[in-house]
Amino acid sequence: MEADDQKQLETLANQIAKEEYDFIGLQEVNQLMTSPLAKLDKYFQPTSKQQTVHQDNFLFCLVEKLKSLGCYYYWSWSYNHVGYDIYHEGTGLLSRTPMKAENYLISERSDPTDYHTRRAVIGETIIDGQKIIVANGHFSWWQNDKTAFAFEWGALEKVLSEKQGSLIIMGDFNNDAKINGEGYDMVKGSSLKLQDAFVAAKSKFDEYTVEEAIDGWSENAEKLRIDYIFTSQDFNVVSYRIVFNDKNESIISDHYGVEVMMD
């Protein structure tokens, strides 16, 4: 959907290859509904309800670009709903270590032609003997429908509460910590006992992920923090940094990126 998607891919791939992140979560990962199917290899981790992946799927293009840089990631893509009448829109997850991937319906709606339909992709992996469960989601707006966000978060919370391991939950929550405090408080007050990586970080470099009016926030006139990384409290959050904001790498999306270092 970007005017210069090749530049976007190159900038993102170069940053990933340079930093070698353990996990990466992406939202609004699109493919044209009518494009040809992609040829996948062992690094793709399908789920039990896997939608076919097409050649122009942004995440497929990204991992292929990463391979050209000598950087290999296991990855999964979960289809959410039809976007702008012509796209399959979904969420993506990448892991440097082999992972078992699954997607879960978290919305009340399940019709892919309804943009309210939302799924979270969850990966399970082992790093240095530690089992880590990573979830990535794209949630509904609190200000439009409080019950939709509450339902989605409650559904994901239930799935994660039944798993054993250290948790990392990332994504576009569409809830600002200050403006839409109720949704943020719901996550912070979860029985999962999560910490907000921004709050927990020993060092912080910038804060906000949206700084102007964008799709879904058309009347916004404030700086927003609506993209988060939450973790279980057994992680020590060393740093939190905003990337792709023209300070740390060029802007490639209407949302800036969130980078968190932990040990």
Side-chain angles (χ1 to χ4, degrees), residues 2 8 11-12 14-16 18-29 91-94 120 132 134-144 146 149-150 152-153 156-157 166-190 192-263:
E2 301 293 330
Q8 182 188 40
T11 301
L12 181 56
N14 288 335
Q15 176 75 2
I16 292 171
K18 180 179 73 172
E19 298 295 342
E20 297 185 328
Y21 301 115
D22 288 304
F23 306 106
I24 301 146
L26 300 173
Q27 302 81 46
E28 295 186 353
V29 180
T91 52
L93 183 64
L94 300 94
I132 301 177
V134 185
N136 179 34
H138 185 183
F139 297 86
S140 294
W141 299 263
W142 179 271
Q143 77 273 26
N144 289 353
K146 299 176 184 180
F149 176 85
E152 292 161 10
W153 172 250
L156 180 60
E157 182 181 47
S166 300
L167 292 177
I168 300 172
I169 307 170
M170 63 180 93
D172 178 357
F173 282 69
N174 272 311
N175 279 259
D176 182 78
K178 298 172 184 176
I179 298 173
N180 308 109
E182 300 98 326
Y184 176 80
D185 290 344
M186 186 178 293
V187 178
K188 284 296 299 293
S190 168
L192 299 175
K193 297 183 173 14
L194 302 170
Q195 60 181 346
D196 178 349
F198 170 75
V199 175
K202 305 297 186 295
S203 62
K204 302 176 177 67
F205 302 91
D206 293 318
E207 175 178 359
Y208 302 103
T209 58
V210 171
E211 294 193 351
E212 57 187 20
I214 61 171
D215 192 16
W217 292 81
S218 58
E219 298 180 2
N220 178 60
E222 300 185 56
K223 294 182 178 181
L224 305 173
R225 186 163 71 92
I226 59 176
D227 304 274
Y228 297 92
I229 297 177
F230 293 100
T231 79
S232 50
Q233 296 185 24
D234 51 344
F235 285 106
N236 176 42
V237 184
V238 177
S239 67
Y240 171 102
R241 185 170 75 132
I242 296 297
V243 292
F244 306 117
N245 62 346
D246 260 352
K247 298 177 185 177
N248 298 311
E249 301 301 332
S250 58
I251 294 173
I252 56 174
S253 171
D254 57 359
H255 292 238
Y256 301 153
V258 178
E259 176 194 275
V260 168
M261 300 296 183
M262 302 185 293
D263 58 26

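As a basis for the values below, the full set of heavy atoms in this structure was taken, side chains included, without hydrogen atoms, waters or symmetry mates.
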Exercise for review: Test Gln195 against every option in Ile229, Thr231, Asp234 by the side-chain contact (heavy atoms from CB on, under 4.5 Å) rule and name the one that passes.
Suggested key: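 Per the side-chain contact (heavy atoms from CB on, under 4.5 Å) rule, the option paired with Gln195 is Thr231, out of Ile229, Thr231, Asp234.
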Is there a side-chain contact between [X] and [Y] (heavy atoms, below 4.5 Å)?
X	Y	value
Glu19	Val243	no
Met170	Asp227	no
Leu167	Val134	no
Phe139	Leu156	yes

Practice item. Could you give me the CA-CA distance, side-chain angles and deciding distance for Arg241 and Asp206, then say whether salt bridge (Lys or Arg N to Asp or Glu O under 4.0 Å) is met? Key: CA-CA 6 Å; Arg241 185 170 75 132; Asp206 293 318; over 6 Å; no
Measure from the side-chain N and O atoms of [X] to the backbone N and O of [Y], and report whether any donor-acceptor pair falls under 3.5 Å.
X	Y	result
Asn136	Ala120	no
Glu152	Ser140	yes
Lys193	Ser190	no
Asn245	Asn248	yes
Asn14	Leu12	no

Review point. How close do Ile242 and Val258 get, heavy atom to heavy atom, and via which atoms?
Key: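 Closest heavy-atom pair between Ile242 and Val258: CD1-CG2, 4.2 Å.
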Review point. Between Phe149 and Gly183, which heavy-atom pair has the shortest distance, and what is it?
Key: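 So the minimum-distance heavy-atom pair works out to CE2-O, 3.7 Å.
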Point to revise | Trace of the salt bridge (Lys or Arg N to Asp or Glu O under 4.0 Å) decision for Arg225 with Asp196 | key: CA-CA 12 Å; Arg225 186 163 71 92; Asp196 178 349; 2.9 Å; yes
When rounded to the nearest 0.5 angstrom, what is the spacing between [atom1] in [X] and [atom2] in [Y]?
X	Y	atom1	atom2	value
Leu224	Glu211	CG	CD	9.5 Å
Phe23	Ile132	CZ	CD1	4.5 Å
Ile24	Leu93	CD1	CG	9.0 Å
Trp141	Asp172	CH2	CG	8.0 Å
Lys223	Glu207	NZ	CD	9.5 Å
Asp22	Met262	CG	CE	8.0 Å

Practice item. Kindly state whether the ring of Phe244 and the ring of Tyr256 have centres lying under 6.0 angstrom apart. Key: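 No; Tyr256 has its ring centre 6.0 Å or more from that of Phe244.
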Point to revise | CA sep, side-chain torsions, deciding dist, call: Tyr21, Gln15, side-chain hydrogen bond (donor to acceptor under 3.5 Å, both in side chains) | key: CA-CA 9 Å; Tyr21 301 115; Gln15 176 75 2; 3.0 Å; yes
Point to revise | For Tyr184, ring pair (Phe, Tyr, Trp, His ring centres under 6.0 Å) partners two or more places apart | key: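 Per chain and number, Tyr184 pairs via ring pair (Phe, Tyr, Trp, His ring centres under 6.0 Å) with Tyr228.
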Exercise for review: Name the orientation class of the two ring planes belonging to Phe198 and Tyr240 (parallel below 30°, tilted from 30 to 60°, perpendicular beyond 60°).
Suggested key: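 Perpendicular, since the angle between the ring planes exceeds 60°.
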Practice item. Look at atom NZ of Lys202 and say whether more than 12 heavy atoms of other residues, nucleotides or ligands are closer to it than 6.0 Å. Key: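 More than 12 heavy atoms, drawn from other residues, nucleotides or ligands, come within 6.0 Å of this atom.
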Practice item. Run the numbers on Val187 and Leu194 for side-chain contact (heavy atoms from CB on, under 4.5 Å), then give the verdict. Key: CA-CA 8 Å; Val187 178; Leu194 302 170; 4.2 Å; yes
Practice item. State plainly whether the residues Glu249 and Lys18 are in salt-bridge range, i.e. N to O under 4.0 Å. Key: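 Counted as a salt bridge, because a side-chain N and a carboxylate O are separated by less than 4.0 Å.
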Practice item. Apply side-chain contact (heavy atoms from CB on, under 4.5 Å) to the pair Glu28 and Thr91, showing each step before the final yes or no. Key: CA-CA 6 Å; Glu28 295 186 353; Thr91 52; over 6 Å; no
